[in-house]
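Residues: numbered from 1 along the sequence shown. When a ligand or atom number is given, it counts from 1 through the structure's own listing order.
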Amino acid sequence: MAGKLLLLFAICRLIVIVGLTLNPTVTDLFRVGIDGKLSVDPHDIKSASMDFGKTTRNEPTAVLHPATADDVAKLVKLAYQSPHGFSVSARGHGHSINGQSQTANGVVVQMSRSGRNPAVPEVCEKKMYVDVWGGELWIDVLKSTLEYGLAPKSWTDYLYLSVGGTLSNAGISGQAFNHGPQISNVHEMDVVTGKGQVLTCSNDKYPELFHSVLGGLGQFGIITRARIALEPSPQRVRWIRVLYSNFSAFTHDQEYLISLHNESQSEKFDYIEGFVIVDEGLINNWRSSFFSPKNPVKISSLGAGGNVLYCLEITKNYYDSSNPESIDQEVEGLLKKLNFIPASVFTTDLPYVDFLDRVHKAELKLRSKGLWEVPHPWLNLFVPKSRIADFDKGVFKGILGNKTSGPILIYPMNKNKWDEKSSVVTPDEDVFYLVALLRSALDNGEETLTLKHLSEENRKILKFCKESNIKVKQYLPHYTTQEEWMEHYGDKWQQIYRKKMEFDPRHILATGQRVFEPRFGSEVRSW
Ligand code: FAD
C-alpha cells in the first residue's frame, strides 16, 4: 500500500514538474514498466542532491535505479517526447565537485549498483577486454578482471569512481603518459542518446557518437556499457618518491621520464606523477603518509628552509616471474639519470592492487576523523609545458602562501596519447601538465582553511592565468555561463554544439554541467 502511494506521489510530482494536466507518456512509463525502481524516497532524493564537493545542492523530483539500459532509454525517451520535457542526469558515484551530476526538478539516474543488479562485468580473455555496466565502480572492474590475471591499463588515482563518470571526463593518473587517459582505452560503448535510442558505438559504428561521449561531460548520451582494454596484470609495484627543491630540475626530469613512453617496458617507469609541498603540514597529509613512519622526513632536514619542495612519484610494475635483481637494476639505471636531492629517495614495495587502491586507505583514515565529508573546492587545470615555470612562480610560490589544506598534484602527459576526436579539450602543446589542487575546507577557526578563503584562492589562480596569458584548460571543468563554455571549447565549440543538436536536441541530459540551457516549456528550467 505504502509503495503504491509513493508511486502515485511520484507520478503526480512528475506531472506537476512537466507541467501537464495529465501526461499520457508519464503514465505510459509506469504502464510499460521498468525492471528497476523509480524512487521518491527522501533518502534517495537527498543523496542525489549532493556530491563530493559539498558546495552545490539541487533536488531532483525522482531517482531511477535502472536494472537495464532499456530502463534508462524509456525514461529519456519519455523526457524527450513529452511536450514540456524534463531533465535527466546520470549519476555515477556523485564524486563531482560542482553539482555536475545533479538536476533540479528532473530525474537522476543512479547508475552505480543499488541492489537492482545490472549486468556484471564480462571478461573476454582472448581479446583482452572487459564489458562493464556504465555505473560499475573501477574497484569492481579491477576485482573481476583480476580473476583472469588481467587489469585495465589506464587508471584514476582513486577507484571508487564509476566507469561512466570518468569516461565522461577523461580518467587520468600516472599511467596516462604511456597509455593515454582512460578514454583512450575504450573499444566500444552502448549509449542512450538524448532521444532515448540505445546505440552501440565505436571507432567504426556511429563514430561521431563514440567520440562525442568520450570526455563529453554527459552531454551526448548516457553510457550503459563500456568495453575496456586490458593487459596482463602485474603482481607487485616498486613505488619510489624523490624530492627536489629546484622546480626546473623537477619538471626536466618528469618530462624526460614521460618522453620514454615508446621505449620497452624495462627502460621506462610505469607510472609518473608528482606533487608540490608548500608546507610541512602536508607531510602528514593523505597523499604523504608514504613518508612515515618507516621513512620519516623533515623538510627542514633537506635544507629547503621554508621553500617549496617538489616530490616526483614513480613506480615500476613487476610480475611474480620477474627477477627482483633485474627490477633493482632497471630502477637504479633510471634513477641515475635524474637530478633529485641525493638523500631523498623513499622506496616501498607492495602488491599491485594495494598500490592502485592507495587513496581508499587514506579515505578510510579521513572518514574516521570526520575529515572526508567536508567541502572540497577542488581546482584541476591542464597547464601548457611552456608556461609551467610561470605557473610555479605565480601560484605555488605566490598565491598559495604556506598553507594548502590538501594535496597539489603536478605531472605531465603526452598529448599524442589523447584522441583529438574526443570531446575533451587540452592545451595546444605536445606536453601539458595536470595541476590538481585537491583541497578540503575546514571550519576549525583557521581563516586560510575556510571554504571562502580557498574558493577565493581558486578565483585568484584563474585570474592570474588569464592576466599572464597562460592558456590553461580546466579539467573536470566548472563554468556558469555559456560564454565561458564557448571559451573553454575554443575551436571545438561549433562541433560540440552541432553534436548536442544531433544527439540531445532538447538538452535533456546532464544539465548540472550547465553547458546548455534545457529547451523546455518557458515555465520549466532545470539548471
Ligand atoms: P559523477 O560525479 O556522478 O558524474 C560526473 C559527470 O558524468 C556528470 O555530469 C554525470 O551526469 C556524468 N555521468 C555519470 N555517469 C555517466 C554515464 N554512465 N554516462 C554518461 N554520463 C555520466 N579523476 C581523474 O581523472 N583522475 C583521478 O585520479 C581522480 N581522482 C579522484 C579522487 C577523488 C577522491 C575524487 C572525489 C574524484 C577524483 N577524480 C579523478 C574525479 C572523477 O573522475 C570525477 O569526479 C568524475 O566525475 C567521476 O565521478 P563519478 O563516477 O562519481 O561521476
Side-chain angles (χ1 to χ4, degrees), residues 47-48 50-54 56 58 60 66 69 72 76 87-103 106-112 118 132-139 154-176 181-183 189-194 209 212-226 271 273 286-287 356-360 362-363 366-367 372-373 376 378 380 382 406-407 409 411 413 423-424 434 436 438-440 475-478 503-504 508-515:
S47 112
M50 281 308 288
D51 58 25
F52 182 76
K54 289 224 172 328
T56 309
N58 288 294
V72 180
V76 176
S87 53
V88 176
S89 271
R91 182 178 195 268
H93 213 204
H95 276 72
S96 291
I97 298 301
N98 298 290
Q100 285 91 337
S101 58
Q102 298 172 15
T103 188
V107 180
V108 163
V109 183
Q110 182 57 59
M111 294 295 289
S112 61
V132 295
W133 169 248
E136 204 70 67
L137 298 184
W138 284 99
I139 181 73
S154 185
W155 290 100
T156 47
D157 293 350
Y158 177 61
L159 306 188
Y160 289 74
L161 303 170
S162 76
V163 168
T166 70
L167 295 186
S168 297
N169 285 294
I172 49 174
S173 183
Q175 304 85 7
Q182 290 181 320
I183 53 170
M189 290 182 290
D190 288 344
V191 171
V192 176
T193 69
L209 179 64
S212 311
V213 166
L214 293 172
L217 307 177
Q219 295 305 301
F220 310 99
I222 297 180
I223 303 164
T224 52
R225 176 184 64 94
Y271 160 104
E273 284 204 8
W286 56 277
R287 303 274 315 185
L356 290 180
D357 201 23
R358 61 202 178 281
V359 174
H360 183 55
E363 172 188 356
L366 287 179
R367 277 191 189 280
W372 185 259
E373 301 280 342
H376 295 103
W378 286 8
N380 285 271
F382 289 147
L409 310 188
Y411 57 91
M413 286 170 281
S423 293
V424 188
L434 169 77
L438 309 180
R439 298 168 328 146
S440 304
Y475 178 55
L476 315 171
H478 168 57
F503 299 121
D504 180 22
I508 285 164
L509 302 175
T511 51
Q513 296 275 5
R514 303 170 75 102
V515 186

### Query
Just checking, is any N or O donor in the side chain of Gln102 or Ser89 under 3.5 Å from an acceptor N or O on the other one?
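Looking only at side-chain atoms, Ser89 and Gln102 do not form any donor-acceptor pair under 3.5 Å.
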### Query
How about Thr511 and Thr103: does a side-chain donor come under 3.5 Å of a side-chain acceptor?
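Side chains of Thr511 and Thr103: pair found under 3.5 Å.
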### Task
Please name all residues satisfying ring-ring contact (aromatic ring centres under 6.0 Å, His included) with Phe52, sequence neighbours left out, ordered by chain then number.
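In terms of ring-ring contact (aromatic ring centres under 6.0 Å, His included), with neighbours along the sequence ignored, Phe52 is linked to His95, Trp372, His376, Trp378.
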Please could you name the atoms of ligand 1 that [X] approaches to less than 4.0 Å, counting only its heavy atoms?
| X | result |
| --- | --- |
| Gly221 | 20 (C) |
| Ile222 | 19 (N), 20 (C) |
| Gly164 | 15 (N), 16 (C), 17 (C), 18 (N), 22 (C) |
| Gly218 | 21 (N) |
| Arg91 | 3 (O) |
| Gln513 | 6 (C), 8 (C), 9 (O) |
| Gln100 | 8 (C), 9 (O), 11 (O) |
| Asp157 | 27 (C), 28 (O) |

Under 4.5 Å between any side-chain heavy atoms of [X] and [Y], yes or no?
| X | Y | result |
| --- | --- | --- |
| Glu373 | Arg367 | yes |
| Leu434 | Tyr411 | yes |
| Ser423 | Ser212 | yes |
| Asn380 | Ile97 | no |
| Val163 | Met189 | no |
| Ile223 | Met111 | no |

What do you reckon, does [X] have a nitrogen or oxygen under 3.5 Å from a nitrogen or oxygen of ligand 1?
| X | answer |
| --- | --- |
| Phe52 | no |
| Tyr475 | yes |
| Thr156 | no |
| Tyr158 | no |
| Ser89 | no |

Using non-hydrogen atoms of the residue, decide whether [X] is closer than 4.0 angstrom to ligand 1.
| X | value |
| --- | --- |
| Ile172 | yes |
| Gly171 | yes |
| Trp138 | no |
| Trp378 | yes |

### Nearest atoms (heavy-atom pairs only) where Gln110 meets Pro66
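Closest heavy-atom pair between Gln110 and Pro66: O-CD, 3.3 Å.
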### Task
From the options Ala170, Gly216, Gly92, select the one whose nearest heavy atom is closest to atom 14 (C) of ligand 1.
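Of the listed residues, Gly92 has the closest heavy atom.
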### Task
Look at atom 43 (O) of ligand 1 and find which of Thr166, Leu159, Thr224, Leu438 reaches it with the closest heavy atom.
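Comparing heavy atoms across Thr166, Leu159, Thr224, Leu438, the nearest one to atom 43 (O) of ligand 1 lies in Thr166.
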### Task
Select one of side chain, backbone, both or neither to describe which atoms of Asn169 lie under 4.0 Å from any atom of ligand 1, heavy atoms only.
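The part of Asn169 near ligand 1 is the side chain, not the backbone.
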#### Entry: Contact partition for His376 relative to ligand 1, non-hydrogen atoms under 4.0 Å
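It is neither part, as no heavy atom is under 4.0 Å.
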### Query
Would the Tyr160 and His360 ring centres measure less than 6.0 Å apart?
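Centroid distance Tyr160-His360: below 6.0 Å, so yes.
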### Task
Verify, without hydrogens or angle tests, whether Ser154 (side chain) and Ala176 (backbone) share a donor-acceptor contact under 3.5 angstrom.
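Checked: no pair found.
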